[in-house]
Amino acid sequence: MKSVKITLALASLMLSSCASEPTQQTATTPQEVQVVGAMRNVMWKGELAGTIDLDTISQKEHLVGLGPVEYLAGELMILDGRAYKSVVTSDTKMQVEETFSAKAPFFVYTHVPGWSEQVLPDSIRTLQQLELYLDNVTQTSKRPFAFKISGEVEQAIIHIVNLPAGSTVSSPDEAHEGQVNYTLADEQVEILGFFSTEHKAVFTHHDTFMHLHLITKDRSKMGHLDSVAFKPGTLKLYLPTE
């Protein structure tokens, strides 16, 4: 009788183990947007040191994220599990390196295992139009959220922060000292953005709901996206699958 009870107990354990296996799939479901540090602390309080080491983000599959390099010495972007760091080399050139060996004073990231693709309407030509469009089509969606855009830009301006070593910061103007702007024309690009109506001065600037970084298809240029003229008929928008 005892052996029968033991057998039944073992069978029950095996069944419960099998039943619990689907919970392992939670690693492939969309996760909350994570924010480390805050833009306001960097711009107004001068907290320039890294608050996160990108290599310590354990799950890199499906990872997306963006922020500046610590001490405002460059820009960072993680796109589909691959990390890129850009630094200024001259007023016209930059260096883009693929690496997770970098720290950021503030950083926003999440995991997106699946994207829903749609054609971006031709009427969306600027960042302001994009922001209004995203706000309208995601009224019932989970916020904040990450999004991607791929296609061609007629023109774009990106920047890389390039604060002189040893500088102290107590205002946005001081934080952008040394910044270099780069103009792109007729480039195939990918853009990663984060949208939130609740995170101004945390990971978006005070006058926008978006923070975006752009990288060219050939991975030779990457930076914070300041302005853009999208080329109609070429753009695709990717939103997280819910």
Side-chain angles (χ1 to χ4, degrees), residues 30 32-35 37-40 42-43 64-68 75-80 86 104 106-110 112 114-161 172 175-176 179 181-216 221-242:
E32 299 284 344
V33 169
Q34 304 293 321
V35 185
M39 185 183 293
R40 67 167 72 94
V42 176
M43 301 294 182
V64 294
L66 52 80
E75 303 288 344
L76 297 168
M77 178 182 189
I78 303 177
L79 186 63
D80 300 326
S86 63
F106 72 88
F107 200 74
V108 55
Y109 67 97
T110 190
V112 184
W115 298 94
S116 175
E117 177 188 311
Q118 60 181 273
V119 175
L120 193 67
D122 290 350
S123 59
I124 309 303
R125 300 292 309 280
T126 68
L127 292 184
Q128 292 76 16
Q129 292 170 337
L130 175 64
E131 183 176 277
L132 290 172
Y133 179 77
L134 286 174
D135 193 25
N136 182 55
V137 300
T138 63
Q139 287 291 320
T140 60
S141 300
K142 187 175 182 179
R143 295 180 174 183
F145 61 87
F147 64 94
K148 298 191 300 183
I149 292 173
S150 68
E152 188 173 346
V153 296
E154 293 178 351
Q155 190 175 52
I157 297 176
I158 61 176
H159 78 245
I160 298 177
V161 287
H176 290 91
Q179 172 182 305
N181 300 328
Y182 299 87
T183 299
L184 283 61
D186 301 319
E187 291 267 14
Q188 290 287 333
V189 304
E190 291 182 82
I191 296 167
L192 171 68
F194 282 80
F195 182 99
S196 177
T197 58
E198 306 295 331
H199 288 83
K200 286 185 175 180
V202 178
F203 66 76
T204 73
H205 287 284
H206 70 280
D207 57 352
T208 179
F209 295 147
M210 303 187 301
H211 189 160
L212 308 97
H213 283 195
L214 174 153
I215 190 167
T216 55
K221 301 165 192 167
M222 186 274 283
H224 176 101
L225 181 59
D226 291 317
S227 66
V228 69
F230 293 122
K231 184 173 182 179
T234 70
L235 279 298
K236 291 183 179 179
L237 170 66
Y238 300 86
L239 296 172
T241 303
E242 296 184 0

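Both backbone and side-chain heavy atoms feed into the values below; hydrogens, waters and symmetry mates do not.
N181 has its side chain within reach of Q179: a pair of non-hydrogen atoms, C-beta onward, lies under 4.5 Å apart. By the 4.5 Å heavy-atom criterion applied to side chains, L76 and F107 are counted as neighbours. Using a 4.5 Å heavy-atom cutoff, the side chains of P172 and M39 are not in contact. Counting only heavy atoms from C-beta outward, the side chains of L214 and L212 never approach each other to under 4.5 Å.
Pairing each heavy atom of L66 with each of G193, the nearest pair is CD2-CA, 4.5 Å. Across all non-hydrogen atoms, the minimal contact from G67 to H213 is O-CE1, 3.5 Å. Nearest approach of E75 to G223, heavy atoms of both residues: CG-CA, 4.3 Å. Heavy-atom minimum distance, S86 versus I160: OG-CD1, 3.6 Å. A pairwise comparison of heavy atoms in A146 and V64 identifies CB-CG2, 4.0 Å as the closest pair. The two atoms that bring T110 and F194 nearest to each other are CG2-CE2, 4.0 Å, heavy atoms only.
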| field | side-chain contact (heavy atoms from CB on, under 4.5 Å) assessment of R125 paired with L235 | value | CA-CA 10 Å; R125 300 292 309 280; L235 279 298; over 6 Å; no
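Between atom CD of residue E131 and atom CD1 of residue I124 there is a gap of 11.5 Å, rounded to the nearest 0.5 Å. Rounding to the nearest 0.5 angstrom, the gap separating the OG atom in S227 from the NE2 atom in H159 is 11.5 Å. For the atom pair CD (E190) and NZ (K236), the distance works out to 12.0 Å, reported to the nearest 0.5 Å. In this structure, L225 CG and L130 CG are separated by 9.0 Å, a value rounded to the nearest 0.5 Å. Separation of atoms OG1 (T138) and CZ (F145) is listed at 4.0 Å; rounding is to 0.5 Å. Atom NZ of residue K221 and atom CD1 of residue I158 lie 8.0 Å apart, to the nearest 0.5 angstrom.
Between Y238 and W115, the angle of the ring planes goes over 60°, which puts this pair in the perpendicular group of the 30/60° scheme. Using bins of under 30°, 30° to 60° and over 60° for the plane-to-plane angle, the ring pair F195/F209 lands in the perpendicular bin.
Residues meeting the ring pair (Phe, Tyr, Trp, His ring centres under 6.0 Å) test with Y182, sequence neighbours left out: none.
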